[in-house]
Amino acid sequence: MDISYEEDMLGPDGADNRPAEPPNSLDLNGAHPQRKKLSAPEINLSLDQSEGSILSDDNLDTPDDLDINVDDLDTPDEADSLDFTGHGNELEWEEEQATKEDEPKEEAEPIPEEEEERQDARLWRTVVIGEQEHRIDMKSIEPYQKVISHGGYYGDGLNAIIVFAACFLPDSSQADYHYVMENLFLFVISTLELMVAEDYMIVYLNGATPRRKMPGLGWIKKCYQMIDRRLRKNLKSFIIVHPSWFIRTILAITRPFISSKFSSKIKYVNSLAELGELIPMEYVHIPESIIKLDEALKEAAESNKVDNNPQSKS
């Protein structure tokens, strides 16, 4: 029994069961878009050209009905397009970050308390003298540190020459004189211990030093008492250059406080030429004021010889 196509499209109640015409565009603005599930056709993945295989002639040929006219396709308008503005902002932010990293960074300003601590550590020196710890105010003695220097070596071995220039001592008329001399005393003793390895001698440059700069008796006595026993024993000579009557008197007064061995090590030298006959002068630093004094004393001595020579008068 033949049934017509139109009868198949009609239901028992006479309703039209034909499907609606397929849409020719996508409704992107719909309120409730629905996803359609499409079932994939069965594909034979074998590599032979049998029926249903992906290499069969039916699958390799492109049917004519698959030709698509691009102009007939509806494309979404600007409102439905994806917005990439956020990605653009992100790229700009990364560029700004890279630019900031390339720029030189300013050093952070030090905290005042930390700066004070660094200054305090720089201006104070801790030394150990006679198994006792002392602190030296290096700022207070900064103008007077040239009072002691290393003058090289003499003889065989590390026999040091220590030069003490009294002309670099502070003036006794200044307000903080006793405070400066206290710290300078610690500086001299601690420096002496660092400079001396074996035997040594001290060259005391007394010339060109006014009386107000000469150290007092108590300061000299304290220096001697604070010197380590090793330093006392290893001291081989104490040479005084350009001695004055004042320094001779001081040493005479302090003789009861010092040992006879130390007294025997004291020598007086009246000129730099005479000093050069005792020690090598290559590394001994002589202040300019003492050099001028030595030249003046030399000229005065030659003048006295001429005046006292009877033959020169005749």
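Worth knowing before you read on, the calculation uses all heavy atoms, side chains too, and leaves out hydrogens, waters and symmetry mates.
Atoms CD and CG, on Glu142 and Leu123 in that order, are 8.5 Å from each other to the nearest 0.5 Å. Taking CD1 of Ile161 as the start and OG of Ser237 as the end, the distance is 10.0 Å to the nearest 0.5 Å. A distance of 9.0 Å separates CG of Asp228 from CD of Glu131, quoted to the nearest 0.5 Å. The CD atom of Glu274 sits 9.5 Å away from the CD1 atom of Ile239 when rounded to the nearest 0.5 Å. Rounding to the nearest 0.5 Å places SG of Cys167 at 10.0 Å from NZ of Lys146. How far OH of Tyr177 is from NZ of Lys213: 10.5 Å, rounded to the nearest 0.5 Å.
In this structure the side chain of Asp294 never reaches within 4.5 angstrom of the side chain of Ile286, judged on heavy atoms. Side chains of Leu297 and Ser271 form no contact here, defined as non-hydrogen atoms less than 4.5 Å apart. Residues Ile136 and Val127 have side chains in contact (heavy-atom distance under 4.5 Å, counting atoms from C-beta outward). In this structure the side chain of Trp124 never reaches within 4.5 angstrom of the side chain of Met138, judged on heavy atoms.
Here salt bridge (Lys or Arg N to Asp or Glu O under 4.0 Å) pairs that include residues 254-265, with residues two or more places apart or in two chains, number zero. Counting only residues at least two apart or on different chains, no ring-ring contact (aromatic ring centres under 6.0 Å, His included) pair has a member in residues 264-289.
The two residues Pro243 and Arg248 come nearest to each other via the heavy atoms CG-NH2, 3.5 Å. Shortest non-hydrogen contact noted between Gly151 and Val284 is O-CG2, 3.6 Å. Heavy-atom minimum distance, Ala160 versus Tyr154: O-CE2, 3.6 Å. Residues Pro170 and Val180 share a closest heavy-atom pair of CG-CG1, 4.0 Å. Taking both residues in full, the closest heavy atoms of Ser140 and Pro143 are given as O-CD, 3.9 Å, listed atom of the first, atom of the second, then distance.
Linking ILVMFWY side-chain heavy atoms closer than 4.5 Å, directly or via other members, places Phe164 and Met181 in a single hydrophobic cluster. Ile162 and Ile290 are assigned to two separate hydrophobic clusters, defined by single-linkage of ILVMFWY side chains at heavy-atom distances under 4.5 Å. Residue Ile240 is not grouped with residue Leu278 when hydrophobic side chains (ILVMFWY) are merged at heavy-atom distances under 4.5 angstrom, including chains of intermediate members. Residues Ile189 and Tyr144 share a hydrophobic cluster, clusters being chains of Ile/Leu/Val/Met/Phe/Trp/Tyr side chains in contact below 4.5 Å. In the hydrophobic clustering of ILVMFWY residues, with side-chain heavy atoms under 4.5 Å counting as a link, Val188 and Ile247 come out together.
A salt bridge does not link Glu295 with Lys298: none of the charged nitrogens is closer than 4.0 Å to a carboxylate oxygen.
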Tell me, with the steps shown, if Leu169 and Met214 meet side chain to side chain contact (heavy atoms under 4.5 Å, CB included). CA-CA 7 Å; Leu169 289 171; Met214 294 295 296; over 6 Å; no
For side chain to side chain contact (heavy atoms under 4.5 Å, CB included), just list the numbers for Met226 and Ile129, CA-CA rounded to whole Å, side-chain angles, deciding distance to a tenth of an Å, and then say yes or no. CA-CA 8 Å; Met226 289 289 290; Ile129 301 175; 3.7 Å; yes
Working for side chain to side chain contact (heavy atoms under 4.5 Å, CB included), residues Leu235 and Arg232: CA-CA 5 Å; Leu235 178 63; Arg232 295 183 190 177; over 6 Å; no
Side chains of residues 191-206: which donor-acceptor pairs under 3.5 Å do they make with residues two or more places apart or in other chains?
{"residue": "Thr191", "atom": "OG1", "partner": "Phe187", "partner atom": "O", "Å": "2.6"}
{"residue": "Glu198", "atom": "OE1", "partner": "Leu158", "partner atom": "N", "Å": "3.4"}
{"residue": "Tyr200", "atom": "OH", "partner": "Leu231", "partner atom": "O", "Å": "2.7"}
{"residue": "Asn206", "atom": "ND2", "partner": "His242", "partner atom": "O", "Å": "3.0"}
{"residue": "Asn206", "atom": "ND2", "partner": "Ser244", "partner atom": "OG", "Å": "3.3"}

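Arg229 CZ: 12 or fewer foreign heavy atoms inside a 6.0 Å radius.
Between the side chains of Glu302 and Asn304, not a single donor N or O lies within less than 3.5 Å of an accepting N or O.
Ser190 places a side-chain N or O within donor-acceptor distance of the main-chain N or O of Leu186, the cut-off being under 3.5 Å.
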